[in-house]
Amino acid sequence: MTSPADPRTTPLENRRLFGDLQRRRCAGRRRLAVLSGATSLAQLARFIAGYDPDLRTQLGLPATTRPAASTLGRLLARLDGDAFDTATCGYLAALAACQPPQQATSTRTSPLGLSVDGKTPRGSRTPDGSTVHLPAATRHDTQTVLAQQQVKAKSNEIPAFTPLLRSLDLSSTVITADALHTQHDHAQQIIAAGGHYLFIVKGNQPTLLRRLKALPWREAILNDRTDETGHGRREIRRMKICTARPGLPFPHAAQAIQVKRRRTDRRTGKTTIVTIYAITSLTPGRITHARLAALIRGHWSIEALHHIRDVTYREDASRVRTGAAPRIMASLRNLAISLARLIGWTNIASAADHYRSHPADGLHLLGLTT
């Protein structure tokens, strides 16, 4: 079966997001190294130096050149982070759209979940001494990063929300976000763009949270229940829905949601119960209750992506700090993980091992073979 991420199946205009062939080959050696599990500039340099002469020639490198880690660092630091993310995220969006017919049909009948959340590579530093913070928009189903921004110095993640989503087609999309982004302006932007939202509500919206807690949850029927075991724990989730009453103080809020999560550690036997409140612009009957519950759970797929970047690619241990280099490295990790997911890899560490041993497969995946 042809992979949805096979670059040969993408239209020529989508390939042009990376510019001309020479620029793709210059960037390709770094993408291939990260796809193969490189976690630092020194490893990038060693991977490139270790390629056989024919492979290095395919990547546009002289067969005898041994690039230094410091040279790679200076190169990455000088790149335009916005342009790089626009190219890589646009490329991934085009690949993710090339789904088998049955998946495409499912997407048309049920809105696509898109998580918005940010991550800070802890070892990064900006000229003013702060760390680099990178909000991103990620598909629930494939962990494909469709957009990424860098928060401006002395700012926070909230102002980055608008430019992050501005270039995306939000029709048939549900934006999911944690309480930080439960903001009136964000809801208005999503609805104006033809999308829907599903926001978690916490103490930063005290009036809204108080109204939600006061709804008649005891009388509400149970709309969905899941019971899952994994990672050494058992988790039972119970979801109830209330159609939002007139005057609920949030724009376009159509339904209120309560989720009770009961988690039992199977090793210690300790049980914790957490109650979560959320609101959505999705009207009753727009999607099934099970799908609504899946959207709430699916939001945390972006946390899984961050975990992979930390554990498999050791992002928080990285000391890449200069210029745009921390952002570029994060983007390369996003690209590697997304490509591996799109062709069916469920274990990214195993994918990295495979492409380290079979670099020709990595070249094919990145569209650098003819």
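Because the structure is a prediction, the values reported are computed rather than measured.
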Colleague: Just so I know, are the side chains of Arg267 and Arg233 near enough to count as touching, which here means a heavy-atom distance under 4.5 Å?
Modeller: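 No, every pair of side-chain atoms sits at 4.5 Å or beyond.
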Colleague: Taking Phe84 as the starting point, is it possible to reach Met329 by hopping between hydrophobic residues whose side chains are less than 4.5 Å apart?
Modeller: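 As far as the 4.5 Å side-chain criterion goes, Phe84 and Met329 are connected within one cluster.
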Colleague: Would you say Ser357's side chain and Tyr355's backbone share a donor-acceptor pair under 3.5 angstrom?
Modeller: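 Side chain of Ser357 to backbone of Tyr355, a donor-acceptor pair under 3.5 Å: no, none is there.
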Colleague: Can you check whether Arg314 reaches Gln43 side chain to side chain, under 4.5 Å on heavy atoms?
Modeller: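 Not touching, per the 4.5 Å side-chain cut-off.
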Colleague: Does the Asn223 side chain pair with the main chain of Ile241, one donor and one acceptor, at a distance under 3.5 Å?
Modeller: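 A pair under 3.5 Å: yes.
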Colleague: With distance as the sole criterion, is a donor-acceptor pair present between the side chains of Glu315 and His306 under 3.5 Å?
Modeller: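 There is no such pair between these side chains.
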Colleague: May I ask you to decide whether Asp227 forms a salt bridge with Arg262, counting only side-chain N to carboxylate O separations under 4.0 Å?
Modeller: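 Judged by the 4.0 Å cut-off on N to carboxylate O distance, Asp227 and Arg262 do not form a salt bridge.
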Colleague: If two hydrophobic side chains count as joined below 4.5 Å and joins carry through other members, does Leu180 share a cluster with Phe250?
Modeller: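 No, Leu180 does not connect to Phe250 through the hydrophobic network.
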Colleague: Flag yes if more than 12 heavy atoms outside Arg291 fall under 6.0 Å of its CZ atom; otherwise flag no.
Modeller: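 Yes, because the 6.0 Å sphere around CZ of Arg291 holds more than 12 heavy atoms from other groups.
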Colleague: For Arg234, does the CZ atom have more than 12 heavy-atom neighbours from other residues, nucleotides or ligands under 6.0 Å away?
Modeller: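 Counting neighbours around CZ of Arg234, 12 or fewer heavy atoms of other residues, nucleotides or ligands fall under 6.0 Å, so no.
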Colleague: Consider only side-chain heavy atoms of I, L, V, M, F, W and Y, link residues closer than 4.5 Å, and tell whether Tyr197 and Leu209 are in one cluster.
Modeller: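 As far as the 4.5 Å side-chain criterion goes, Leu209 and Tyr197 are connected within one cluster.
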Colleague: Counting N and O atoms only, with roles assigned by atom type, does the side chain of Thr280 sit under 3.5 Å from a partner on the main chain of Ala254, one being a donor and the other an acceptor?
Modeller: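 Side chain of Thr280 to backbone of Ala254, a donor-acceptor pair under 3.5 Å: no, none is there.
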Colleague: Does the side chain of Leu41 come within less than 4.5 Å of Val320's, by heavy atoms?
Modeller: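 Side chain of Val320 against side chain of Leu41, heavy atoms only: contact under 4.5 Å found.
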Colleague: Given side chains that start at C-beta, do those of Leu339 and Trp345 come closer than 4.5 Å, heavy atoms only?
Modeller: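 Leu339 vs Trp345: side chains apart.
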Colleague: Salt bridge or not between Lys119 and Asp316? Use side-chain N to carboxylate O under 4.0 Å.
Modeller: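 Here Lys119 pairs with Asp316 in a salt bridge, since their nearest N and O are under 4.0 Å apart.
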Colleague: Testing the basics here: between Pro111 and Arg286, what is the closest heavy-atom pair and its distance to 0.1 Å?
Modeller: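 Where Pro111 meets Arg286 most closely, the heavy atoms are CG-NH2, 3.7 Å.
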Colleague: Is it possible for you to say whether Val174 and Ile302 belong to one hydrophobic cluster, with membership spreading through side-chain heavy-atom contacts below 4.5 Å?
Modeller: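 Unlinked, Val174 and Ile302 end up in two clusters.
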Colleague: Compute whether any side-chain donor of one residue and acceptor of the other, for Ser115 and His140, lie under 3.5 angstrom apart.
Modeller: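 A pair is found: one side chain offers a donor N or O, the other an acceptor, under 3.5 Å apart.
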Colleague: Heavy atoms only: give me the nearest Ser331-Asp85 pair and the separation to one decimal.
Modeller: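 Shortest heavy-atom separation between Ser331 and Asp85 comes out as OG-OD1, 2.5 Å.
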Colleague: Report yes if some heavy atom in the side chain of Val34 is under 4.5 Å from a heavy atom in the side chain of Tyr313; otherwise report no.
Modeller: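 A side-chain contact under 4.5 Å exists here.
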Colleague: Please determine whether the number of non-hydrogen atoms from other residues, nucleotides or ligands lying under 6.0 Å from atom NE2 of His184 exceeds 12.
Modeller: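 It does: His184 NE2 has more than 12 such atoms within range.
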Colleague: Fit a plane to each ring of His186 and His181, take the angle between them on a 0 to 90° scale, and name the class: parallel (under 30°), tilted (30 to 60°) or perpendicular (over 60°).
Modeller: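 Taking His181 first and then His186, their aromatic rings sit tilted (interplane angle of 30° to 60°).
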Colleague: Under a single-linkage definition using a 4.5 Å side-chain heavy-atom cutoff for Ile, Leu, Val, Met, Phe, Trp and Tyr, are Leu222 and Ile296 assigned to the same hydrophobic cluster?
Modeller: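 No, because Leu222 and Ile296 fall into different hydrophobic clusters, even though each may have its own neighbours under 4.5 Å.
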